[in-house]
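Working notes, structure below.
Chain letters run A, B, ... following the sequence lines, proteins first and then strands; every chain starts at 1.
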2 protein chains.
Amino acid sequence: MAKHSHEDQVEQIMDRLAASGKRRTMSRQAVIKVIVDYHGHVSADDIATRVQKDFPSLDVSTVYRTLETLRELGIVERVWFADGSTVYHLSDHKHHHLCCERCGAVQELPISALKNLERFLLDEYGFETHQQPLGLFGLCADCRRSTRGDSS
Amino acid sequence: MAKHSHEDQVEQIMDRLAASGKRRTMSRQAVIKVIVDYHGHVSADDIATRVQKDFPSLDVSTVYRTLETLRELGIVERVWFADGSTVYHLSDHKHHHLCCERCGAVQELPISALKNLERFLLDEYGFETHQQPLGLFGLCADCRRSTRGDSS
DNA sequence: ACGTTGATGCAACTGACTGGCAAGAGCCAA
DNA sequence: TTGGCTCTTGCCAGTCAGTTGCATCAACGT
């Protein structure tokens, strides 16, 4: 339950890379730092843009290759939202996303929140879902309130 | 509750197009026919390939434009699966999808199946989801049985 | 320091999709 | 039937996210 600083987390992930025979490089460190800092919800393009502030010559292809490497090692996961967009986040921070269509806010929803649905699908359909992070779209509490105020 | 033949359904949709000031064209009819025949789960590319058997000169851009027109009129909807792929289906046949990762089978799940989840999100998070069709991945009943048989 | 081999930058490429434009085809009106 | 207005279409070039080939570069073990 020890709380790690972001730097520690980055180091830890670099160690996992090294332990798998991968090399410690600046590019990888920079990409990982962005993912850790953003704490979820980063698109590949976000990462590239952000990383290129510090390393202008770093190519998107490197970002994609790094993401693929991290995915292979189970360190990050890729999520597709219901609108076709995609983001990456740390695997140990797995969660669903509630995306507000009005203000764009993305709220996290613990994986456990869909336990009931899982059980239902298994009981009723014999279908065993994976704990695949979902991106659900709708209106967040704030926007719902203001919408109610605006209309009618 | 009248059961319509596929031809009737296509005609009916063509009528709705005409009623909206759109023209009745072969291309549109062909695209609609494929969507109606497939009864859901068609990708734009599926449609293009299929339609081009009858109309080889029909361009993909026409398929996309037709799909967009149909979407504007609320006749078809686009769904993004959790693996990033996308399909189109008739709006009056709205449903979620249970996609088996092993055999590729796609099972339909009524929208109502997620009512409990919706209520939960509203009560617990104040988040109002839209009835957005989802594509959930996992193992279907058949594959679950055979997997149990195979391993251990 | 050195050599092996994995990692990177660059650029060309893919696949899904979009937009411009001129030619073609519905539909209405005469 | 014949215009003719305007929507549709085919063609093609362009965009956008992501991938791949390849020569160069730089980690890491020795």
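Within 3.5 Å, a donor on the side chain of B:Arg23 pairs with an acceptor on the base of D:dC7, or the reverse.
When rounded to the nearest whole Å, the span between CG of A:Asp83 and P of D:dA17 equals 13 Å. Remark: P of C:dG24 and CG of B:Asp59 are 16 Å apart, rounded to the nearest angstrom. The distance between atom OH of A:Tyr88 and atom P of D:dG18, rounded to the nearest whole Å, is 6 Å. In this structure, the OH atom of B:Tyr64 is 18 Å from the P atom of D:dT15, given to the nearest Å. Nucleotide C:dG26 holds its P atom 14 Å from the CG atom of B:Leu17, rounded to whole Å. Spacing between atom CE of B:Met26 and atom P of D:dT8 amounts to 16 Å, rounded to whole angstrom units. When the P atom of C:dT14 is taken as reference, atom CG of B:Asp45 falls 16 Å away, rounded to whole Å. The nearest whole Å value for the distance from the CD atom in A:Glu72 to the C1' atom in C:dG6 is 13 Å.
Between B:Thr25 and D:dT8, a side-chain N or O to OP1/OP2 separation shorter than 4.0 Å is absent. Between C:dG20 and B:Arg65, no contact under 4.0 Å exists linking OP1 or OP2 to a side-chain N or O. The side chain of A:Arg78 contributes an N or O atom lying less than 4.0 Å from OP1 or OP2 of D:dG18.
Counting non-hydrogen atoms under 4.0 angstrom, A:Ser61 reaches a base of the nucleic acid. Across all strands shown, A:Arg24 has heavy atoms under 4.0 Å from sugar-phosphate atoms exclusively, and none from any base. No engagement by A:Ser43 is indicated, since no non-hydrogen atom pair under 4.0 Å with the nucleic acid exists.
Here the nucleotide nearest the side chain of B:Arg28, chosen from C:dA7, C:dG9, D:dT8, is D:dT8.
Remark: aromatic rings of A:His95 and A:His41 are close, center separation under 6.0 Å. Taking the six-membered ring for Trp and the full ring otherwise, the centers of A:His89 and A:His97 sit less than 6.0 Å from each other.
Membership of the apolar cluster around B:Leu117 extends to A:Leu98, A:Leu109, A:Leu114, A:Leu117, A:Phe120, A:Leu121, A:Tyr125, A:Phe127, A:Leu134, A:Leu136, B:Leu98, B:Leu109, B:Leu114, B:Phe120, B:Leu121, B:Tyr125, B:Phe127, B:Leu134, B:Leu136, as traced through chained side-chain contacts below 4.5 Å between ILVMFWY residues.
Taking both residues in full, the closest heavy atoms of A:Leu139 and A:Cys100 are given as CA-SG, 4.1 Å, listed atom of the first, atom of the second, then distance.
How far CD1 of A:Ile47 is from CD1 of A:Ile35: 4.0 Å, rounded to the nearest 0.5 Å.
Sequence order on DNA chain D of the closest nucleotides to B:Ser57 and B:Lys22 puts B:Lys22 first from the 5' end.
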